[in-house]
Protein chains: 2
Amino acid sequence: MVELDETDLHILQLLTENARRPYNDIAEQVGVSPPTVSDRVERLEELGVIGRFTLDLDRSQISEGVGVLVDLHLRPGTVHDVIDQLAPLESVDHVYATADAHVVARATVDECEIHRILTDTLDLSQVVEYDVRLLIDSVWEPKVRSANADDQTTHDDTAAIPAGGASIEIDGQ
Amino acid sequence: MVELDETDLHILQLLTENARRPYNDIAEQVGVSPPTVSDRVERLEELGVIGRFTLDLDRSQISEGVGVLVDLHLRPGTVHDVIDQLAPLESVDHVYATADAHVVARATVDECEIHRILTDTLDLSQVVEYDVRLLIDSVWEPKVRSANADDQTTHDDTAAIPAGGASIEIDGQ
DNA sequence: GCTGAAACCATTATAAG
DNA sequence: CTTATAATGGTTTCAGC
């Protein structure tokens, strides 16, 4: 976090848009030499800022199943176990854990598979409640906030986010 | 979906692991020539199977804010509007829409920003209820299911997934 | 979908700021 | 310590088959 300058962010932004973009192309855009780009990228990989170079795939075109969002409300202290159980599954690609002991997983499953995962793979004694939602759309817009594009308007109305999650009911108009 | 053979899937799998892997390297692994890999990748891009070549970034290292998962329960018919409002925001990178009119967004926000998004950016008359959860962990394991690795055990206990989502309460032991 | 050739690109070593 | 330059070795693409 501390060790990234604007050049790093610019490189990340360009690679985010197209991870196969040639380094000499990037060098020209950013205003440094190609070896510098190479060095910076290597460093960003070592720092773990870049997890991997990968693809944004349309999963509906490569697998038979339907996309689902599974929301698990877990017993306290079991979150990391459940992540370790879910993440390696072939049908699961994204797993989020939140401070209120929920785990949300995005998966592509056959009709019978979701049931098998919930009953066989997971230790259900750790699950307080769960919810399976059929995905109808999903958008991924990876963005790199450039250092100076920080549009932080000073604002004293800072809304604190309680770790347990804020839940607010609004009248149906 | 119909037009992908095992070679395509193998190429996708290798590129998913490392999107910068050289095409002649891939060609060797897959058993075709480099130009064939190039042609296939181009076709997969045109088909929309490959959305883009991109990076898996550790967002906590490149931005000041905290990661949150925002769950919006919307009024019917407003889902696509809300996606269009959320997706372009700099702080939002992932948006999921489910059949039961929920939109789940993953964002990295400053303390004041989440409030601003909810009140200024969104048309709150479209939101029935919302929920902001603090992210503590997130895993992305992009997987390409190879054509023959389809481990579908025949199973007649097919659990249908209602479009409205299944919600089941389990006793707290 | 393959082959071969030409254009292009990444990386290394080296030198300079 | 960081960046630029130049050369090498590797990669991608384009014709032609």
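Everything quoted here is computed from the prediction, not taken from an experiment. So that the names make sense, note that chain A is the first sequence line, chain B the second, and so on, each numbered from 1.
Across its full length, the helix from C:dG1-D:dC17 to C:dG17-D:dC1 shows an angle of 30° between the axes of its 5 terminal pairs at either end, rounded to 10 degrees.
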Can you check salt bridge (charged side-chain N to carboxylate O under 4.0 Å, His left out) on B:D110 and B:R116, steps first, answer last? CA-CA 10 Å; B:D110 290 324; B:R116 202 166 65 236; over 6 Å; no
Give the intermediate values and the outcome of side chain to side chain donor-acceptor pair (under 3.5 Å) for residues A:Q85 and A:T121. CA-CA 7 Å; A:Q85 286 166 4; A:T121 311; over 6 Å; no
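Sorted pairs that involve residues 30-52 of chain A and meet ring pair (Phe, Tyr, Trp, His ring centres under 6.0 Å), not counting sequence neighbours, are lacking altogether. Applying the ring pair (Phe, Tyr, Trp, His ring centres under 6.0 Å) rule to pairs touching residues 41-89 of chain B yields B:H73-B:H102, sequence neighbours excluded.
Within the 3.5 Å criterion, the main-chain N or O of B:T16 finds no donor-acceptor partner in the side chain of B:K143.
Distance B:D8 CG to C:dG1 P: 8 Å, rounded to the nearest Å. The interatomic distance linking B:I26 (CD1) with D:dT11 (P) rounds to 11 Å, in whole Å. Distance, B:N18 CG to D:dT11 C1': 14 Å, rounded to whole Å. Distance, B:E45 CD to D:dT12 P: 13 Å, rounded to whole Å.
B:R59 pairs by the side-chain hydrogen bond (donor to acceptor under 3.5 Å, both in side chains) definition with B:D93, not counting sequence neighbours.
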List, one per line, each side-chain donor-acceptor pair under 3.5 Å for residues 22-29 of chain A, sequence neighbours excluded.
{"from": "A:Y23", "atom 1": "OH", "to": "B:R20", "atom 2": "NE", "distance (Å)": "3.4"}

Using a cut-off of 4.0 Å between protein heavy atoms and nucleotide atoms, how would you tag nucleotides 10-17 of chain C 5' to 3' with B, S and -? SBB-----
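No side-chain heavy atom of A:R43 sits less than 4.5 Å from a side-chain heavy atom of A:D39.
Within 4.0 Å (heavy atoms only), A:T36 reaches sugar-phosphate atoms of the nucleic acid but no base atom.
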